[in-house]
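Below is one structure, written out as structure tokens, with a few remarks after it.
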Amino acid sequence: MKKSNTIAAFGLVLSLTAPLGAADAETWNVGMSGGYFPFTFVRMDELQGFEVDFLNALAAETGDDVNFVTMSFSGLIGALESGRIDTVANQITITPEREEKFVFTQPYVFDGAQIVVKEGNDSITTTDDLSGKTVAVSLGSNYEDLLNELPNANEIDIRTYESNVQQDTALGRADAFIMDRVSSAQLIKESPLPLVLAGTPFSEIRNALPFRDDEEGRALRDKIDAAITTLKNDGTLTEISQKWFGTDITKPD
């Protein structure tokens with residue numbers, strides 16, 4: 001399938017063109033941050049990552065077109081609500097609050113919330129150790145909610161960042177940051193920053209594609225959900241996961 005890249009005024013847009021003859025192809029406007037390695041990131045002016053390969057495979061299965069549109073992570077849900085995009089492919093975790101607003105596909109990534117600290121910081125190994133500490137989370141993510149559900153939440157200084165949670169932790173401006181374990185491990189592997197995983201994941205998370213809860217949104221959800229089932233059954237989803245992570249994160253443990 002032929003792909004072409006263009007730079008838009010408000011972000012990077014990639015078009016995936018369906019095969020010739022697909023006259024009834026739909027176009028999906030898919031939002032992502034382009035800054036969440038290795039799920040969605042830009043390298044050498046090319047948007048790539050697990051999510052990009054995943055959505056491209058879904059489009060190939062259905063014969064549709066995809067426009068990937070990048071924007072700040074904190075704006076993705078609002079863009080979905082307003083109809084500027086059709087879904088978000090940026091490791092969106094299913095939560096009760098989000099289920100009140102959106103309909104979701106089946107989960108396609110199973111993971112856990114992970115504490116990450118600066119190398120040499122042995123004072124934090126569990127969530128109990130976060131008391132009295134400054135903990136960074138990405139603005140718009142569900143990690144702030146997960147921290148607020150902890151018994152010692154009122155003792156944690158939770159700070160939200162648009163980006164650079166890892167840099168602020170490495171520089172000592174935050175004692176730790178919270179991210180999913182898969183991304184954290186890959187980030188540490190690829191980054192020169194002196195960071196390490198602290199303990200084990202403290203909350204299971206299931207990530208899926210959200211859609212507006214209306215007739216059009218539910219129809220698109222059903223179509224894409226069926227394609228996800230096909231990609232799971234024929235091994236394509238496992239292959240994409242193995243490519244980016246060296247393991248299969250698309251199935252529960």
Side-chain angles (χ1 to χ4, degrees), residues 1 3 14-19 22-33 36 38-40 47 49-70 73 76-112 140-142 180 182-183 204-245 247-253:
M1 301 179 78
K3 291 180 282 186
L14 275 71
S15 297
L16 177 68
T17 304
D24 58 347
E26 293 184 272
T27 297
W28 310 338
N29 293 310
V30 179
M32 53 177 56
S33 68
Y36 196 45
F39 288 99
T40 162
L47 183 64
F50 172 87
E51 297 280 17
V52 176
D53 286 357
F54 172 54
L55 264 295
N56 283 348
L58 289 174
E61 175 64 29
T62 64
D64 290 320
D65 300 338
V66 179
N67 289 328
F68 290 123
V69 183
T70 63
F73 181 82
L76 289 169
I77 294 299
L80 177 58
E81 289 179 308
S82 67
R84 287 181 289 153
I85 56 177
D86 297 310
T87 189
V88 179
N90 208 108
Q91 291 305 283
I92 300 301
T93 299
I94 301 172
T95 66
E97 294 76 18
R98 288 172 178 165
E99 286 185 304
E100 290 179 0
K101 295 182 178 181
F102 307 111
V103 291
F104 284 85
T105 62
Q106 61 188 286
Y108 61 93
V109 166
F110 296 83
D111 204 350
S141 71
N142 69 306
D180 67 275
V182 170
S183 296
E204 182 186 66
I205 53 181
R206 299 173 301 131
N207 299 325
L209 299 174
F211 297 84
R212 288 181 299 280
D213 190 8
D214 55 28
E215 183 177 357
E216 182 178 358
R218 289 189 294 272
L220 184 55
R221 185 277 308 271
D222 292 346
K223 173 194 276 193
I224 293 179
D225 192 68
I228 292 174
T229 297
T230 299
L231 296 187
K232 284 185 175 182
N233 290 341
D234 69 13
T236 300
L237 197 53
T238 296
E239 290 177 6
I240 295 172
S241 179
Q242 289 285 353
K243 170 186 174 180
W244 288 103
F245 307 106
T247 188
D248 191 358
I249 66 170
T250 68
K251 300 173 183 175
D253 293 334

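Basis for what follows: all heavy atoms, side chains included, without hydrogens, waters or symmetry-related copies.
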**Prompt:** Do D64 side-chain atoms and A59 backbone N/O form a donor-acceptor pair below 3.5 Å?
**Reply:** no
**Item:** Qualifying residue for side chain to side chain contact (heavy atoms under 4.5 Å, CB included) with F102, from D213, I77, T87
**Value:** I77
**Asked** Hey, does the side chain of D248 reach the backbone of T238 with a donor-acceptor pair shorter than 3.5 angstrom?
**Response** no
**Prompt:** Are there more than 12 heavy atoms of other residues, nucleotides or ligands under 6.0 Å from atom CZ of R98?
**Reply:** yes
**Request:** Report the C-alpha separation of R84 and V69 in whole Å, then their side-chain angles, then the decisive distance to 0.1 Å, and conclude whether the side-chain contact (heavy atoms from CB on, under 4.5 Å) test is met.
**Result:** CA-CA 10 Å; R84 287 181 289 153; V69 183; over 6 Å; no
**Item:** Distance in Å, E51 CD paired with F68 CZ, rounded so as to fall on 0.5 Å steps
**Value:** 8.5 Å
**Asked** Hey, what do you get for CZ (F104) to OG1 (T93), rounding to the nearest 0.5 Å?
**Response** 8.5 Å
**Message:** Any side-chain to backbone donor/acceptor pair from T70 onto M32? Under 3.5 Å, distance only.
**Reply:** no
**Prompt:** Considering only heavy atoms from C-beta outward, does the side chain of L58 approach that of L209 to under 4.5 Å?
**Reply:** yes
**Enclosure of E216 CD (heavy-atom neighbours >12, cutoff 6.0 Å)** = no
**Complete:** Contacts of D222 meeting salt bridge (charged side-chain N to carboxylate O under 4.0 Å, His left out) (sequence neighbours excluded), chain-then-number -> none
**Message:** Using 30° and 60° as the class boundaries, would you call the ring planes of F50 and F39 parallel, tilted or perpendicular?
**Reply:** perpendicular
**Message:** Rounded to the nearest 0.5 Å, what separates atom CG in N67 from atom CG in N29?
**Reply:** 5.0 Å
**Request:** May I ask you to decide if V182's main-chain N or O and D111's side chain share a donor-acceptor pair within less than 3.5 Å?
**Result:** yes
**Asked** More than 12 foreign heavy atoms under 6.0 Å from CD of E97: is that the case here?
**Response** yes
**Asked** For D65, does its backbone N or O pair with a side-chain atom of T27 as donor and acceptor, under 3.5 Å?
**Response** no
**Item:** Considering all heavy atoms, the nearest P107-A208 contact
**Value:** CA-CB, 4.0 Å
**Fill in**
Rounding to 0.5 Å, atoms OG1 (T105) and CD1 (I94) come to a distance of 7.0 Å
**Prompt:** When the ring centroid of Y36 is compared with that of F73, is the distance short of 6.0 Å?
**Reply:** no
**Message:** Please report the interatomic distance CD(Q106) to OG1(T229), rounded to the nearest 0.5 Å.
**Reply:** 4.0 Å
**Asked** Would you find a donor on one side and an acceptor on the other, under 3.5 Å apart, between the side chain of R212 and the backbone of L80?
**Response** yes
**Considering all heavy atoms, the nearest T40-S33 contact** = CG2-OG, 4.1 Å
**Asked** Do you know the tightest heavy-atom contact between G31 and L76?
**Response** C-CD2, 3.6 Å
**Item:** Closest heavy-atom pair and its distance - A57, T236
**Value:** CB-CG2, 4.2 Å
**Prompt:** If every non-hydrogen atom of T247 is compared with every non-hydrogen atom of S241, which pair is closest and at what distance?
**Reply:** O-OG, 2.6 Å
**Complete:** Between the CH2 atom in W28 and the CD1 atom in I224, the distance rounded to the nearest 0.5 Å is 4.0 Å
